[in-house]
Number of protein chains: 2
Amino acid sequence: MFIPTAVILEDTHDDGRTLTNPGTSADGTRSTSDAPVRTRRKRDSLNRTVILDAAKVISERDGLEGLTFQSLGAELGAHPTSMYRHFKDKDELVLALIDSLRDRSYLGALVPTGDWRENLRIAARVVHEHYLRYPQLASQMAARTTRMPREFSNMEYTLKAFFDAGFDNEDALKYQRVFGNYVRALSSIEATSHCLPEQVQREDELAWRIQFERLDPEEYPAITAAGQPPLGIGDASTFDAGLEVLIKGLEALAESAPGAGS
Amino acid sequence: MFIPTAVILEDTHDDGRTLTNPGTSADGTRSTSDAPVRTRRKRDSLNRTVILDAAKVISERDGLEGLTFQSLGAELGAHPTSMYRHFKDKDELVLALIDSLRDRSYLGALVPTGDWRENLRIAARVVHEHYLRYPQLASQMAARTTRMPREFSNMEYTLKAFFDAGFDNEDALKYQRVFGNYVRALSSIEATSHCLPEQVQREDELAWRIQFERLDPEEYPAITAAGQPPLGIGDASTFDAGLEVLIKGLEALAESAPGAGS
DNA sequence: AGTGTTAGTCAACAGAATTGACTATCTATT
DNA sequence: AATAGATAGTCAATTCTGTTGACTAACACT
């Protein structure tokens, strides 16, 4: 058993464990040597905003799996279970974190240009960069709707682009979904693959190459003819290339659309 | 400091927990009333295949979060930690499960037609359906490469389609990645959104609609003009629509390519 | 002062992955 | 066949997680 001898006010343990407060134990007397290890936090000093700020710091530093009630408590100098006064459970906390991050990233990034294609590229870049900035949360961000306070501004921006391209209501909505899903899904996968452990990434990559070298040209003529081992799913250039293909396709569809302008 | 006084942990709960075998406990005597609850499994009766079969059953029945070493033990009538003789850790087990499932789904589904566009649709459908069949595993399937024994046949098939379309080596590889990533990423997100708890899905959907109704037409003219609340990310028709846009774009690019054939 | 509400604390619980020691069983060698 | 060695299955224990219900101190209001 480790007895925390000479517990200094600054915790900074490897494990953000509960630090006992001897001051409040059975005897009212407080021994002179040990300062109160953690004072009870001031009432109302904790709220959703403060907790979410700490959660952001932790998840950026240690990843999403490092975001636990223990680590939050350590970061805030509060008891791990304090958070339950402000969030029903961990799911609610993560959702709120996603929302708060989106608030910051999307602010004022969507400036319209005269070209609807360029506008789509801008909208795509904003979301893509946002996902890559918080790769730990990417899978959650894409699959769950959350409350989307900022999501509407992005939607407005892209929908307008499709109207500019000459699509009618129905098609504009349809292709807005296509576009949005593409951006979210690809960004999510790319980000997720980035935050696998380094070693796993290398092992997977290596395994790929080895298998590749051994392919039978009889059975796989096209692959062996192409000759290069492919890039992994985490490669960003594929995102851009796919975006351009989409835009190309949308151009073709816009030309054959009834109200084709621009 | 908490000294764990009298650590009583008689388990034998309702769940398929470890069933104690009194016959082998400290005293050699075996009380008459209780028969041995679980007999030790025959040596060599456990192996990767048997375990993966059980894992498949469990993950289809209870989802990926229901796949634990405990549940595996219960399903197999073995001790939970037996699995460690065959899999280094849970990660390795899940990876192996993904691989084994892919083996079954991809078998003989890729019959070539004369039209490269149609071939792309076929390849997309195979993967899409596979992901939707095992939604719990979808996120892992897309982000991680695993060992891909069957993945090469899919790649061969699609690469050939791009050669048929008239692309040169470099472009064929590039667009094969684009296509593959699109299919994997979209399928993954769609599947993942499907296996959220029903209630969460409804809540998210409802919150969306409510927010939608309240939008200010001044601030969001395009959205309010379009007039319909959009479909969620889990809608399959968007996958197909996006696929068609991609193919349209690829057609346009193929025409302008140097070796443009049929 | 006194009372009540509530935010922060604490101990405890259940259930997860994982580890190291133990044991039974199969295999190979004498 | 007897014995030794290897190894598959078992078991207890550890550490970490989210979560709950009781407790306690601080503030808000009479």
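Within every chain, numbering begins at 1; the chains are lettered A, B, ... in the order of the sequence lines, protein sequences first and strands thereafter. These values consider heavy atoms only, across backbone and side chains, with no hydrogens, waters or symmetry-generated copies.
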Show the distances under 3.5 angstrom between N or O atoms of the protein and N or O atoms of nucleotides 2-7 of chain C.
from: C:dT6; atom 1: O2; to: A:Arg43; atom 2: NH2; distance (Å): 2.0
from: C:dA7; atom 1: O3'; to: A:Asp44; atom 2: N; distance (Å): 3.4

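Counting heavy atoms from C-beta outward, B:Arg184 and A:Ile189 have side chains that stay 4.5 Å or more apart. For the pair B:Met83/B:Leu76, a side-chain contact is recorded, criterion being any heavy-atom separation below 4.5 Å from C-beta on. Side-chain contact between A:Asp62 and A:Leu67 is absent, with no heavy-atom pair separated by less than 4.5 Å.
Spacing between atom CD of A:Gln70 and atom C1' of C:dC10 amounts to 13 Å, rounded to whole angstrom units. Between A:His79 atom NE2 and D:dT19 atom P the separation is 15 Å, expressed in whole Å. Rounded to an integer number of Å, the gap from CZ of B:Arg48 to P of D:dA8 is 13 Å. The distance from atom CD of A:Glu65 to atom P of C:dA16 is 20 Å, rounded to the nearest whole Å. Across the protein-nucleic acid pair, A:Met83 atom CE and C:dT9 atom P stand 8 Å apart, rounded to whole Å. In this structure, CG of B:Asp89 is placed 14 Å from C1' of C:dA16, rounded to the nearest angstrom. Atom CZ in B:Arg41 sits about 17 Å away from atom C1' in D:dC11, given to the nearest Å. The nearest whole Å value for the distance from the CZ atom in B:Phe87 to the P atom in D:dA8 is 13 Å.
The side chain of B:Thr68 has C:dA17 as its nearest neighbour among C:dC10, D:dT17, C:dA17.
B:Glu129 is linked by a salt bridge (charged side-chain N to carboxylate O under 4.0 Å, His left out) to nothing, counting only residues two or more places apart in sequence or in another chain. The side chain to side chain contact (heavy atoms under 4.5 Å, CB included) test applied to A:His130 returns A:Leu101, A:Arg102, A:Ser105, A:Tyr106, A:Tyr134, A:Met141, not counting sequence neighbours.
With hydrogens and angles ignored, a donor-acceptor pair closer than 3.5 Å exists between the side chain of A:Thr81 and the base of C:dC10.
The CZ atom of A:Arg85 lies 12.0 Å from the NE2 atom of A:His79; values are rounded to the nearest 0.5 Å.
Applying the ring-ring contact (aromatic ring centres under 6.0 Å, His included) test to pairs two or more places apart or on separate chains, those with a residue in residues 56-78 of chain A are A:Phe69-A:Tyr84.
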Can you give the donor-acceptor pairs under 3.5 Å from side chains of residues 49-61 of chain B to other protein atoms, not counting sequence neighbours?
from: B:Asp53; atom 1: OD1; to: B:Arg104; atom 2: NH2; distance (Å): 3.1
from: B:Ser59; atom 1: OG; to: B:Ala55; atom 2: O; distance (Å): 3.1
from: B:Ser59; atom 1: OG; to: B:Lys56; atom 2: O; distance (Å): 3.2

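Aromatic ring pairs are classed by plane angle as parallel below 30°, tilted from 30° to 60° and perpendicular above 60°; the pair B:Phe239 and B:His128 is parallel.
For the helix from C:dA1-D:dT30 to C:dT30-D:dA1, the end axes, each set by the C1' atoms of five terminal pairs, are bent relative to each other by 10° (nearest 10°).
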